[in-house]
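Owing to the predicted nature of the structure, the values given are computational and were not obtained by experimental measurement. So that the names make sense, note that chain A is the first sequence line, chain B the second, and so on, each numbered from 1.
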Amino acid sequence: MTSFPFLPDHNHLIEERYRKAEALRQAGITPYPATAEAADTAADVLARAGALMEFHERVSLLGRVMTIRSFGKAAFFHLRDRSGQIQVYIKKNVVSGEGFRLYKEFLDSGDLVRVEGKVFRTKTDEITVEAAELQIAAKAVRQLPEKWHGFRQVEARYRQRYVDLIANPEVADAFRTRSRAISAMRRFLDEEDFMEVETPMMQAIYGGAAARPFVTHHNTLDMRLYLRIAPELFLKRLVVGGLDRVYEINRNFRNEGISTQHNPEFTMLELYAGGWNADRMMDFVEAILRETAMGALGTAKAVFGEAEMDFAAPIPRLRMVEAVSDALGTQVDWDTPIERISELAGGLPEEVRTREEAIVHVFESRCEEKLQQPTFIYEFPKSLSPLAKSVEGKPEVADRFELYIAGMEIANGYSELNDPREQYERFAEQAERRKAGDEEAPGEVDEDYVRALEYGMVPAAGLGIGIDRLAMVLTNSPSIRDVILFPLLRPAKREEHSDGPSSLEDAGTGEGGG
RNA sequence: GCUCGGGUAGCUCAGCUGGUAGAGCAGCGGACUUUUAAUCCGUUGGUCCUGGGUUCGAGUCCCAGCCCGAGUACCA
């Protein structure tokens with residue numbers, strides 16, 4: 001047997017519990033039995049308590065021992081399972097066989113146990129299971145964090161999310177809400193005749209957004225690959241192929257900064273609908289948000305900070321130039337000279353060179369954070385929307401919108417450019433910009449995507465919804481890390497790899513081991 | 001990247017102008033058959049993030065670094 005301190009943070013408390021696990025084995029009880037199935041859950045027992053008591057029915061539960069309140073020949077503890085928690089009462093002359101000895105000599109809070117017994121109500125009116133059977137399901141050798149302050153240190157909570165989930169019930173609640181939101185979205189999309197698809201995350205040519213990619217390498221093909229920054233160009237190939245109502249809910253990767261609103265890998269819903277335009281898509285956004293909020297929260301109203309967001313109401317729609325005009329106190333439009341905008345804004349940063357950029361700059365610096373209630377901003381400069389169609393009669397304006405909630409960009413959609421020659425020209429412009437030093441512009445024209453458009457793509461509208469940010473709003477979370485189970489962190493300890501990165505390249509080629 | 005804040009026992013935290021490192025909970029031993037922060041008695045436990053420096057003496061002051069957070073920058 002491996003001798004005791006075999007992990008760097010082992011201490012005497014853990015040693016003590018390993019001793020207990022060993023003592024259990026000596027007593028003929030395996031601390032890690034093969035199965036420990038239970039028929040009920042805590043929430044279910046609480047819900048059915050009346051009938052269970054009336055008919056003296058036995059229930060069985062599997063869960064974690066939380067806080068133990070111990071008396072000489074009896075004890076109470078709370079048992080936590082995936083559904084919630086319920087109190088268990090263990091009494092020497094009631095529990096059978098080895099049950100009491102198991103509790104008395106070996107049981108610690110944090111252990112996983114199986115309990116079977118009848119339901120009763122205590123003096124203090126709490127529905128409680130009186131254990132007739134108590135079995136160890138799995139011994140925990142690390143103790144739980146402190147019982148009423150919980151587990152607060154932010155770094156530890158992210159690095160050891162499993163402890164966070166045990167110690168801070170509201171954390172699990174947030175992730176349940178997120179999960180329900182995504183389920184509701186899928187349900188609604190399926191009802192609306194959308195088909196869920198999966199497209200490549202490893203791409204030889206990346207595109208569909210302006211972002212720096214992660215780079216990786218395939219050994220046998222000796223090929224550079226990018227982790228996708230967006231699925232857009234593949235999804236629209238499917239639209240060309242006749243699958244003109246498709247969606248994908250999955251990860252994108254952008255090699256950029258980290259903040260309360262940015263994680264390098266993040267989840268997007270992206271969808272395309274043949275026959276629609278951006279206007280029609282905004283209607284759809286209202287519907288899907290309502291359904292998602294209802295599914296996640298059971299109501300269309302979400303509390304976020306001080307504000308209440310109403311997802312049932314129609315969402316106001318404002319042209320970007322209107323928002324900017326309001327902010328500047330003077331009417332401006334896409335043909336307003338940059339000098340004039342600069343004058344009204346009291347100066348512009350050096351990197352802002354065109355009047356379109358100037359308007360977007362004013363929007364981002366003065367308007368965005370004020371858009372607390374859900375608001376659509378529409379009509380974007382064409383120059384910053386290389387995959388979008390122009391508004392009819394306004395060749396310089398893209399038929400595009402973004403949805404803002406709580407000052408965050410939550411969704412982005414547009415009428416899809418389906419003119420192959422114009423698309424080719426837009427790609428070529430981007431490649432030029434890359435040569436001129438724009439690291440976020442794709443360096444290569446995706447010729448196959450243009451070829452696809454040459455076969456003809458029905459007029460279509462596309463939509464991307466940032467699932468993580470939407471989850472923030474639905475769970476009242478101020479940071480994106482509160483809705484991502486394992487946000488990206490630097491490794492806790494810097495490991496020295498003397499033999500270089502190639503030593504890891506073949507990792508994972510073995511047979512999958514479960 | 002920059003600015004500010006944080007890192008002390010398993011957990012939550014205190015530690016003043018530098019003077020032997022503390023509490024509560026958890027753990028361990030004991031009492032206790034309806035408690036829920038159970039209670040009562042006793043008790044173990046520390047690379048004070050790391051490395052330098054100043055000092056008779058550093059958790060505390062100085063320098064460098066690591067990790068986390070907030071803000072800012074970046075992010076069609």
query: Across the strands shown, which category fits A:F71 at heavy-atom distances under 4.0 angstrom: base, sugar-phosphate, nothing?
result: base
query: At their closest point, which heavy atom of A:F100 faces which heavy atom of A:K92, and how far apart are they?
result: CD1-CA, 3.5 Å
Could you go through nucleotides 1-9 of chain B and list every protein N or O atom that sits under 3.5 Å from one of its N or O atoms, giving the distance for each pair?
none

- prompt: Does the aromatic ring of A:F76 sit over the six-membered base ring of B:U35, closer than 5.5 Å centre to centre and tilted less than 30°?
  reply: yes
- prompt: Hey, does the side chain of A:R212 come within less than 4.0 Å of B:A76's phosphate (OP1/OP2), counting only N and O?
  reply: no
message: Let's see if you can work this out: which of B:A70, B:C13, B:C68 has an atom nearest to the side-chain heavy atoms of A:R159?
response: B:C68
Report each atom pair, protein N/O against N/O of nucleotides 21-27 of chain B, whose distance is under 3.5 angstrom.
residue : atom : partner : partner atom : Å
B:G24   : N2   : A:E146  : OE2          : 3.1
B:C25   : O3'  : A:K147  : NZ           : 3.3
B:A26   : OP1  : A:K147  : NZ           : 2.8
B:A26   : O2'  : A:Q143  : OE1          : 2.3

message: So A:A156, base contact, sugar-phosphate only, or nothing? Heavy-atom distance under 4.0 Å.
response: nothing
query: Can you list every salt bridge (charged side-chain N to carboxylate O under 4.0 Å, His left out) pair that touches residues 424-436 of chain A, not counting sequence neighbours?
result: A:R426-A:E429, A:E432-A:K435
query: Would you say B:A38 has OP1 or OP2 under 4.0 Å from some side-chain N or O of A:R69?
result: yes
message: So A:Q261, base contact, sugar-phosphate only, or nothing? Heavy-atom distance under 4.0 Å.
response: nothing
query: With sequence neighbours excluded, what pairs up with A:V321 under the side-chain contact (heavy atoms from CB on, under 4.5 Å) test?
result: A:R319, A:D333, A:W334, A:I359
field: Whether A:F76 and A:Y89 hold their rings parallel, tilted or perpendicular, with breakpoints at 30° and 60°
entry: parallel
Please list, for nucleotides 48-51 of chain B, all pairs of protein and nucleotide N/O atoms separated by less than 3.5 Å.
none

- request: Scan A:F266 against the nucleic acid and name what it touches under 4.0 Å (heavy atoms): base, sugar-phosphate only, or nothing.
  value: nothing
query: With respect to A:F363, which candidate in A:F380, A:Y404, A:Y378 satisfies the ring-ring contact (aromatic ring centres under 6.0 Å, His included) definition?
result: A:Y404
query: If you check every side-chain atom of A:E351, which of B:U12, B:C74, B:A76 has the closest atom?
result: B:C74
- prompt: Which one, B:A38, B:U12, B:U33, comes nearest to the side chain of A:T67?
  reply: B:A38
query: Quantified in whole Å, what is the C1' atom distance between nucleotide B:C67 and nucleotide B:G30?
result: 43 Å
- request: Hey, can you tell me if A:F284 and A:W276 have their rings parallel, tilted or perpendicular (30° and 60° cut-offs)?
  value: tilted
message: Using a 4.0 Å heavy-atom cut-off, does A:D9 contact any base of the nucleic acid, only the sugar-phosphate backbone, or nothing at all?
response: nothing
task: Please list residues of residues 413-436 of chain A whose heavy atoms come under 4.0 Å from any atom in RNA chain B, ordered by number; otherwise none.
output: A:Q430
message: Heavy atoms only, 4.0 Å cut-off, all strands: where does A:S385 land among base, sugar-phosphate and nothing?
response: nothing
query: Contact class for A:P381 vs. all strands (heavy atom < 4.0 Å): base, sugar-phosphate, or nothing?
result: nothing
